[in-house]
Structures are given as C-alpha cells and as structure tokens.
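This structure is a prediction, so every number in the text was calculated from the model and none was measured.
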Amino acid sequence: MLGAVHIPVRQCKICRTRRPKVELMRWVRTDEGWQRDESSKLPGRGAYTDSDECAAKLLSGKKR
C-alpha cells in the first residue's frame, strides 16, 4: 500500500463520537481548571470535545 496516510482519530470525552483529531478541540486539566489547548502541545493528558455543547458540559463537570 504505497502512499497510505495515517489520520489520527480521537473520541469526544462527552458524547463518545469518534472523529479525526483535527476536527476536535483539545482541553488540558490545569490547577486553574480546564484550559483549551490550541497548539496541542501543552503537557498533561488531554480531553477532546467535538462541539461547543460538549465543551460546555466538560467545563461544567456534567457528563452527557
């Protein structure tokens, strides 16, 4: 298989939808709370969300 390109897939922390990593927002837990990681380079385990609605639930601490 020549020329095959691997596309990383991640799962939304709230709704569990799988999407390509570039379509999701990455969040990192810090001492101050959740911080959006625009560059995907902040240290720590990240959480991904696929929509503003899921991001709001992540920030509020409510699941689903």
What distance do [X] atom [atom1] and [Y] atom [atom2] have between them, rounded to the nearest 0.5 Å?
X: E23; Y: I7; atom1: CD; atom2: CD1; result: 9.5 Å
X: M25; Y: L58; atom1: CE; atom2: CG; result: 9.5 Å
X: S51; Y: K57; atom1: OG; atom2: NZ; result: 8.0 Å
X: L59; Y: C54; atom1: CG; atom2: SG; result: 11.0 Å

According to salt bridge (charged side-chain N to carboxylate O under 4.0 Å, His left out), who are the partners of [X], at least two apart in sequence or on a separate chain?
X: R26; value: D37
X: E32; value: none
X: R29; value: none

Problem - All side-chain contact (heavy atoms from CB on, under 4.5 Å) counterparts of P43, not counting sequence neighbours - result: none
Handout entry: Contacts of type side-chain contact (heavy atoms from CB on, under 4.5 Å), residue R18, not counting sequence neighbours
Key = V9, Q11
Fill in the blank from the handout: Apart from Y48 itself, its cluster of hydrophobic side chains linked below 4.5 Å comprises L24
Fill in the blank from the handout: Apart from V28 itself, its cluster of hydrophobic side chains linked below 4.5 Å comprises L42
Fill in the blank from the handout: Between W27 and T49, the two heavy atoms sitting closest are NE1-OG1, 3.0 Å
Handout entry: NZ/NE/NH1/NH2 to OD/OE distance under 4.0 Å, E38 and R36
Key = yes
